[in-house]
Amino acid sequence: MPQEIPKAYEPQEIEERWAKAWFEEQVFRAENSRASSGETFSIALPPPNVTGSIHIGHMLEHTQIDMLVRWHRMRGDRTLWVPGMDHAGIATQFVVERMLAKEGIKRQDLGREEFERRVWKWKAESGGAIKGQMIRLGASCDWTREHFTLEPKLYRAVLEAFLRLYHEGLIYRGRYMVNWCPRCQTAISDLEVVHHERTGEIWNIRYALAGAPAGQFLVVATTRPETMLGDTALAVHPEDERYKHLIGKKAILPLMNREIPIVADSYVDREFGTGVVKITPAHDPNDFELGKRHNLAVIDVMTPDGHINEAGGAYAGLERFAARGRVVKDLQELGLLESVKEHAHAVGTCDRCKAIVEPRISTQWFCKMKPLAEPAREAVLAGVIEVAPPNQRTILLNWLDNIRDWCISRQLWWGHRIPVWHCAGCQEMIPAADSRVEIVEGHARAASVPTKCPKCGGTKLEQDQDVLDTWFSSALWPFSTLGWPDNTDDLKHFYPTSLLISGYDILFFWDARMIMMGLHLSGARFAGNSGAEIHAQRNAAAPATENTIPFRRLYLHSLVRTADGSKMSKTKGTGVDPLQLTQQYGTDALRYMLASMSAPGTDIILSDDRILGARAFANKIWNAARFLFVNLEKIEAQGIALEEIAAPEIRARAPYAFAGEGGLAHRWIFARLAGVCAQVNDALANFRFHEACQTIYHFFWGDFCDWYIEWVKPQLSSSDRETALAAWRNIFAALDAALRLLHPVMPFLTEELWHRLPQASGARSIALDAFPEPRANWTDAAAIEEMNALQEIVTAARNMRSEMKLDPKRKVAAEFSTAEPAVRKLATENRDALLRLGALSSLEIISGRLNSEGGAVRSNAQFDLKIIFGDAADKT
RNA sequence: GGGCGAUUAGCUCAGUUGGUUAGAGCGCUCCCCUCACACGGGAGAGGUCAAAGGUUCGAGUCCUUUAUCGCCCACCA
């Protein structure tokens, strides 16, 4: 058997074998956790996009989640990790459209239904990639409870949520200023606009005054000259002495030759530019608001794909930036361009496709956020939801305080279609009667389709074309995946979830919205069906009770960055493929490396050194275990069977006492273990993954390998049966505890080694075993102190040997002296270990101080140690 | 324009509520392929904790200012 253990840890075969076994045997099914503590631990996976594959950021996130999930499971909590995928509206549609484009097809050519079929087909083909990767990387999810945001159950949850909010007046439809992506041809939310600081140009344009002599102009600055085609006013500050006399007069809009009013509004900054602002209510959020105040006309001059429309007169049909050029050129020719200057300003771009976003007036669906944000704020403030690290809590609260309505409609085809019908006759909006779904071609859609307009009786009803923002369904994830709106057993048992771990980059997109939706929609009140009475019932505002929060704790993990500190990007080729790193170094090493760098609050920059160190650690663990198994032969020769020294019930009774001397190292290693367990528990309870890792590392490498194994080696091959038995029992018990301690971060390696120890019949996985819990007799402050003293003696001896450059192959004589009787006793009792580890031939224990004649003396507060050179010094 | 964070050994980073000689990994120097492991063992060198001031018996840790870098939010044309 020993020969079968390779000298170096080779993770590939082991990891693949266990990943497969864990999945096939459903080891991580919630029902399989020991559930002995009476506690429940539940957590939802932040659903990755179906478009993607696992990147290093996922790996970090999944490692952290998995560590806590495995830890809780081992501690005896009924443990559930719900996995799943997000349909990722824009992202997925974008990918499929791009594929179609290669065939020269546009989605409009196919029509909505056929396009959706194509996306489903694509999803079926490549959507499973992440699942396979997660399984391979050891994520201990309950795959029997996997979900997808567009599956029928979750579709129904989305309809239910929409309808409730709609009936409560929190979802409304209207014509407002939105961020429009001309590339994606859809509205996007404020959060999806990414601002980039750019040096652009600012143009100063002359607007003639109506009825004034030629040559009299007002000069107006703009960074988007093409929008002037839609200008419907100029504005000045009401108290601006320069322009007071012009208020109420008219100006002539150049190029369009339209008379526009000059209005007064305190929004105008007198200091900026000339103090005169062109007002384009259809294409600027401020102008839109100002326009409402002054009843200005709203002229939309742009098409959905970013071209100038008929309202743009001679410029109709031009692409927006081409139009800009033409407008500027024409102004110049007319002598109406006063000047052009460089100007640094923030340009909004589409998070998805990077196109420059156009503020545009458009009819969209919105969700009113203030009433939803208030309970969320209270819940966070009161600590009902704990947010860590603390600075993220501040950021979240600030955002909730300044929240604005959320544009939830998207002009896409891939997503949850809005369950509202429009009457062709009277424009009345008729929502679905309830949230039921029907399955058509295997996929869900709203089932309770209205057939008659309640207002005009018309029967020509058409469903709203828009779908919901992907994040709308994500916002329901922690409860929709547990069966909401039905009051299922899972919902009763596992909701609220215990924790959410996500990157801080989606704090607003997702985490905050889950809190708001969770507080508003979930909780004990729902009855199962939807319908008018439920909505009425729901209108009694729910207090922010603990029952309704989606998770009790929220931890925002760091982001993994490239060496120069920028965000990893697949398109830039700076992304790191975790599967490749796994092939190279092993999953456990990668996991350990990520976890050991996971200090809360700071981003992670990958380094090759760290992962090499992690691989070395895995190898070290492997070899420590290998040492025991290889040496088993020696005691088997004494007629001692593995079962006698390593059976689970034997291990459970450690430490085993020694009749005579030689028991100190054993008392010490279990005392250390007790301390380490406490430290690791504390670290993991507070998301201090790096601290947990470092503690275990130091224990395993420093204490267990460097000292304990070395110290007890002779005992293991002792001819005294009692000594050998006790030593072996202790060392196996300590190894077993160490493996269980290590398991959350290095699941594969520990699983493999655990199975090489005798286990109770039917024991399936270390993951279902218990996390080490110190027995009462492990704690032993005296053992720690005594061992420290002995370690100092050994270190002093080695140090001197090294400094004197003594021949390492030669043992040397030493003398030892101490004023403390306890230390003297220790040294006497452990003389053998001191000789061996200090490479000493003898250790004479002497009263009184030592002199350095014929050697060298090292002293500290407790003792003097003298090395006698003898002929070992000849080497120098 | 607001807000947040960072600046600690050559490199990558720890250092929770202020308290004895500031830690780790990698790298470096010296020695050792000793019967688990060279992905190893042993012993070392290396830091005015960005700068200046302040609070304190005592500060890497708290306060102020400055410098450099990074991130987030934001409707100044």
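Residue numbers begin at 1 in each chain, while the letters A, B, ... track the order of the sequences.
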*If you look only at pairs with a residue in residues 265-276 of chain A, which of them pass as a salt bridge (charged side-chain N to carboxylate O under 4.0 Å, His left out), with sequence neighbours excluded?*
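Found A:D265-A:R293.
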Return the nearest nucleotide to the side chain of [X]; candidates are [options].
X: A:R615; options: B:A14, B:C39, B:A77; answer: B:C39
X: A:I605; options: B:A36, B:A77, B:C13; answer: B:C13
X: A:R610; options: B:A43, B:A36, B:A24; answer: B:A24
X: A:A346; options: B:A74, B:A77, B:C37; answer: B:A74
X: A:Y267; options: B:A36, B:C32, B:A77; answer: B:A77
X: A:H195; options: B:A14, B:A77, B:A74; answer: B:A74
X: A:F627; options: B:A36, B:A74, B:A77; answer: B:A36
X: A:K805; options: B:A77, B:A36, B:C30; answer: B:C30
X: A:N799; options: B:A43, B:C39, B:U12; answer: B:A43
X: A:A8; options: B:A77, B:C39, B:A24; answer: B:C39

Remember a base hit wins even if backbone is also touched, and classify [X] as base, sugar-phosphate or nothing at under 4.0 Å, heavy atoms.
X: A:M597; result: sugar-phosphate
X: A:H283; result: nothing
X: A:K634; result: nothing

*Hey, could you give me the CD/OH distance between A:Q392 and A:Y504, rounded to the nearest 0.5 Å?*
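Those atoms lie 7.5 Å apart.
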Using whole Å, what does the distance between atom [atom2] of nucleotide [N] and atom [atom1] of [X] come to?
X: A:I621; N: B:G40; atom1: CD1; atom2: P; result: 12 Å
X: A:I279; N: B:C76; atom1: CD1; atom2: P; result: 15 Å
X: A:R206; N: B:A77; atom1: CZ; atom2: P; result: 22 Å
X: A:W711; N: B:G41; atom1: CH2; atom2: P; result: 18 Å
X: A:I205; N: B:A77; atom1: CD1; atom2: C1'; result: 11 Å
X: A:I361; N: B:C75; atom1: CD1; atom2: P; result: 16 Å
X: A:E803; N: B:G42; atom1: CD; atom2: P; result: 17 Å
X: A:F508; N: B:C73; atom1: CZ; atom2: P; result: 7 Å

*asked:* Quick check: on RNA chain B, is the nucleotide nearest A:R404 upstream (toward 5') of the one nearest A:F617, or the reverse? Name the residue that is more 5'.
replied: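 This one resolves to A:F617.
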*Quick one: on RNA chain B, does A:A616 or A:I604 contact a more 5' nucleotide (nearest heavy atom)?*
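Whichever sits nearer the 5' end wins; that is A:I604.
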What distance, rounded to whole Å, do you find between the two [atom1] atoms, one in [N] and one in [M]?
N: B:C49; M: B:G15; atom1: C1'; result: 11 Å
N: B:C69; M: B:A51; atom1: C1'; result: 15 Å
N: B:C71; M: B:U55; atom1: C1'; result: 31 Å
N: B:G25; M: B:U17; atom1: C1'; result: 27 Å
N: B:A36; M: B:A24; atom1: C1'; result: 24 Å
N: B:C30; M: B:U66; atom1: P; result: 48 Å

Does any nucleotide pair with [N] by Watson-Crick or G-U wobble geometry, both distances under 3.5 Å, and what is it?
N: B:A9; result: none
N: B:G44; result: B:C28
N: B:C62; result: B:G54
N: B:C71; result: B:G3
N: B:U16; result: none

*Does atom CD of A:Q583 have more than 12 heavy-atom neighbours from other groups under 6.0 Å away?*
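Count over threshold, so yes.
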*CD/A:E342: more than 12 non-hydrogen atoms of other groups inside 6.0 Å*: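 No - once you tally the heavy atoms of other residues, nucleotides and ligands closer than 6.0 Å, there are 12 at most.
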Counting C-beta onward and ignoring hydrogens, is there a side-chain heavy-atom pair between [X] and [Y] closer than 4.5 Å?
X: A:L556; Y: A:S502; value: yes
X: A:L790; Y: A:I793; value: yes
X: A:Y207; Y: A:D231; value: yes

Does [N] have its OP1 or OP2 closer than 4.0 Å to a side-chain nitrogen or oxygen of [X]?
X: A:K7; N: B:C39; answer: no
X: A:R688; N: B:G15; answer: yes
X: A:H690; N: B:A24; answer: no
X: A:K278; N: B:A77; answer: no
X: A:K620; N: B:G41; answer: yes
X: A:K809; N: B:C33; answer: yes

Do [X] and [Y] sit within salt-bridge range, that is, some charged N less than 4.0 Å from a carboxylate O?
X: A:E358; Y: A:R320; answer: yes
X: A:E803; Y: A:R858; answer: yes
X: A:D807; Y: A:K809; answer: no

Which protein N or O atoms sit under 3.5 Å from an N or O of nucleotides 1-11 of chain B?
none

*Any donor-acceptor pair under 3.5 Å joining the side chain of A:E710 to the base of B:A36?*
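Donor-acceptor pair under 3.5 Å: yes.
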_Contact list please: residues 693-708 of chain A against RNA chain B, heavy atoms, distance less than 4.0 Å, in numerical order._
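Close to the strand are A:Y697, A:W701, A:C705, A:D706.
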*asked:* Can you tell me how the ring of A:F617 sits relative to the ring of A:Y697, calling it parallel under 30°, perpendicular over 60° and tilted otherwise?
replied: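 Rings of A:F617 and A:Y697: tilted, 30 to 60°.
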*Relative to the ring of A:W399, is the ring of A:F508 parallel (under 30°), tilted (30 to 60°) or perpendicular (over 60°)?*
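Ring orientation, 0 to 90° scale: parallel.
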*Would you please say whether a donor-acceptor pair under 3.5 Å links the side chains of A:K634 and A:N631?*
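Yes.
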